[in-house]
Amino acid sequence: MYDLRWIRDNPDAFDAGLGRRDVAPQAAAILKLDAEARANRTALQEAQNRRNELSKQIGAAKSKGGDADGLIAEVGELKSRVQDGEEKERGFTQSLRELLSGLPNQPEDGVPVGADEDANQELRQHGEAPAFDFAPKQHFEIGEALGLMDFDTAAKLSGSRFVLLRGELARLERALAAFMLDVHTGEFGYTETSPPLLVRAHTAFGTGNLPKFEEDLFKTEDGFYLIPTAEMVLTNVVRENVLAEDDLPLRQVAYTPCFRSEAGAAGKDTRGMLRQHQFNKVELVSITHPDESMAEHERMTECAEQILQRLGLHYRVMLLSTGDMGFAAQKTYDLEAWLPGQDSYREISSCSNCGDFQARRMEARYKPKQGKGTRFVHTLNGSGLAVGRTLIAVLENYQLADGGVAVPAVLQPYLGGQTRIG
RNA sequence: GGAGGGGUGCCGGAGUGGUCGAACGGGCCGGUCUCGAAAACCGGUGUACCCUUGCGGGUACCGUGGGUUCGAAUCCCACCCCCUCCGCCA
C-alpha cells in the first residue's frame, strides 16, 4: 500500500519503481482520481461546516423558545449537497484503495531489474559441494528405498503433492525443526510463537496475499484462509497496534505447517517433496524501526545462513531481481542449498524486507519518543529454514554409498545420539 | 447448536439526542521536591485528512456500512468481531 502524498510529490519515481517491476505507469491515473477526490472533499467539508454552524444556531434559538423555521429551511437545502458529497467521497476512497492495494512494493535501489530468476544476482557462496565416489541419488529415491518416505499412501489420502514420512525420517524432520528453533530463540533473540493456522481475510490482506493472490490460498467454507506461511500471522500480530519505540525490534519465530494451492505450478517439480500443498517451515519475522530495517535484513539473512552452515550444507546467496521478488518485498535474498542428487541449487530460504508496505496495509505503527504523531513500522520475514527442503538437502548431501544417510553432528543430540539413518 | 452481554482514545473505563474529541483512572512526557531515585504534587499528552506561502482555519473518526434528525458516541436497520453461561468436543 502506498502513501498518496508520496506519490503526489514523487510521481516519476513512483512510476519508475513500478516500471522496474514491469508494471505500467499509474501515477497519472492515481493523481487524477486523487485531485477529484480532494476537490470533492473540500466542497463537502464546506457544506458540513455550514450545516454544523446552522445546527448550533437552531439549537440556540430553540432553547430560547424562538422561531428557527428559516434556519431549518436553509439547512434543508444543504442536506442533499452533503449527502451527495459523502456518497462521492466513499466512491473515491474505495476506488483509490482498490487501485493502490493491487500495486506491488517499490524495489530498493540496487535490486537488479529483470523479468525472472535469470536476472537474479549471486552475491556469495559458502562451503563446498560434497564429493561422491558414486552417483548421488535424489532425495525421493533415498527416502523411498529406505521405506520412510511414502508418496503413494499420501496420494491415497490426499492426492498429489503430499508426502507421508515415517520412523527415522519423521523424527529427522522434528529434529531439524527443534534445532532451528533452539538456535533462533537461544542465540538470536527470537521469541518462539505458536500461532493460529487459519486466518480471516483482513489478515491475508495485511501481508499482501489478498486481494490479488487469493487463488494461491486454500480457503475453508466458513471463510478462513489456511496460512501459506507463518509470515502471515507473525506479521499481523502488530496489526492496528501503536507500539512504543522501545518495543522495537520485535523478533518472532514460529514452526508451522504451510498450505499452498500451487495454482499455476502444474507440471513443476512433480516428483519428490520439493513442492507440496503442505510443508513445514520455521519462519522468522522482525518488526523494526524504519531506520533499522536494512540492517535487520542483513542480520536476519545471517541467522538463516547460520542454520545452513551448522548443518554443513553448501549454499549460495542470491539477490532476487525485480521480476522474481514477491509482491510485498522491496528487497529479497534467497538462500539456495546445493542438492547433489538434482545437480542444482534450490531455494531453501527467502528473506525479505517489506519496508512500510505491509505496515500501511495493517496500520501498524509506533510512537516515536521524540516528536509528535506516529510512524509506520517496517516488517521483514525470512525462512529460517524451510524444514521440508532442509530435509531434502540433508538426505542428498549426507547420503552414503550403502543407501543410508549420515546424521549431521548438530542434529545427533536431537536423535538420541544416532549417527546414521537406514 | 441454545441463551445472554459487549465493541469508546496508548490501556482500563464513564457517557442514552445539542455546549462530547469525549468524564475519571492508569500509562507516558515535562516540572517541583531530592545527593539521586521512589512517593507526593503541578502541568501536558488523539489520529487521519482538507484549505492556507505563512499565521491559522476546517472536516471526519466512539466495531463496519446504511438510515432517522436542523443536529447522532447516544435512536433505527444490516453486517462483522469479542466475551459469558449451557450443550457438544480434541
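Proteins get letters first, then strands, A, B, ... in listed order; numbering begins at 1 in each. Every heavy atom of this structure was used, including side-chain atoms; hydrogens, water molecules and symmetry mates were not.
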Could you state the atom-to-atom distance from NZ of Lys367(A) to C1' of C28(B) in whole Å?
9 Å
Pick the P atom in G31(B) and in A38(B), then give their distance to the nearest Å.
12 Å
Which whole number of Å gives the distance between the P atom of A60(B) and that of A78(B)?
27 Å
Strand partner of G21(B), provided both Watson-Crick or wobble distances fall under 3.5 Å
none
Please report, rounded to the nearest Å, how far the C1' atom of U69(B) is from the CG atom of Leu78(A).
15 Å
Would you say the side chains of Gln83(A) and Glu87(A) form a donor-acceptor pair under 3.5 Å?
no
For the residue pair Tyr333(A) and His297(A), does the interplanar ring angle fall in the parallel (under 30°), tilted (30 to 60°) or perpendicular (over 60°) class?
parallel
Could you identify the nucleotide paired to A3(B), looking across every strand shown and requiring Watson-Crick or G-U wobble geometry with both distances under 3.5 Å?
U84(B)
Base-pairing mate for C10(B) - Watson-Crick or G-U, with both contacts under 3.5 Å:
G26(B)
Going 5' to 3' through nucleotides 48-61 of chain B, assign each nucleotide B (protein heavy atom under 4.0 Å from a base atom), S (under 4.0 Å only from sugar-phosphate atoms) or - (no protein heavy atom that close).
SSBS------BBS-
Would you mind pulling out the nucleotide paired to A90(B), Watson-Crick or G-U wobble, both distances under 3.5 Å?
none
Same-atom distance (P) from G13(B) to G21(B), integer angstrom:
23 Å
Got more than 12 heavy atoms from elsewhere within 6.0 Å of CD, Gln94(A)?
no
What is the distance, to the nearest angstrom, from the CD atom on Gln57(A) to the C1' atom on U19(B)?
15 Å
Considering only atom C1', compute the distance from G57(B) to G6(B) and round it to an integer number of Å.
39 Å
Need one value for Glu240(A): base, sugar-phosphate or nothing, where a base atom within 4.0 Å counts as base even if backbone is also close, heavy atoms only.
nothing
Are the aromatic rings of Tyr2(A) and Phe14(A) close, with centres under 6.0 Å apart?
yes
Rounded to whole angstrom, note down the C1' distance from G7(B) over to G15(B).
15 Å
Say we look at A73(B) and C20(B): how far apart would their C1' atoms be, to the nearest angstrom?
8 Å
Calculate the interatomic distance between Gln83(A) atom CD and U68(B) atom P; express it in whole Å.
6 Å
In whole Å, measure the gap between the P atoms of A23(B) and G1(B) for me.
41 Å
Using the closest heavy atom to pick a nucleotide of RNA chain B for each, name whichever of Val75(A) or Val242(A) lands nearer the 5' end.
Val242(A)
Ser293(A) to Leu380(A) - nearest heavy-atom pair and separation
O-CD2, 3.4 Å
Are the aromatic ring centres of Phe218(A) and Tyr225(A) under 6.0 angstrom apart?
no
Aromatic ring pairing Phe162(A)/His277(A), orientation class (parallel under 30°, perpendicular over 60°, tilted between):
tilted
Nucleotide paired to C49(B) in any strand shown, Watson-Crick or G-U, under 3.5 Å
G58(B)
If I take atom NE2 in residue His202(A) and atom C1' in nucleotide C80(B), what distance separates them, rounded to the nearest angstrom?
10 Å
Can you measure Glu87(A) atom CD to G65(B) atom C1' for me and round it to whole angstrom units?
13 Å
Rounding to an integer number of angstrom, what distance separates G65(B) and G17(B) when you compare their P atoms?
24 Å
Using purine N1 to pyrimidine N3 plus N6-O4 or O6-N4 for Watson-Crick, or N1-O2 and O6-N3 for G-U wobble, both under 3.5 Å, which nucleotide pairs with U32(B)?
A40(B)
Restricting to side chain to side chain donor-acceptor pair (under 3.5 Å), what partner residues turn up for Glu173(A), sequence neighbours left out?
Asn280(A)
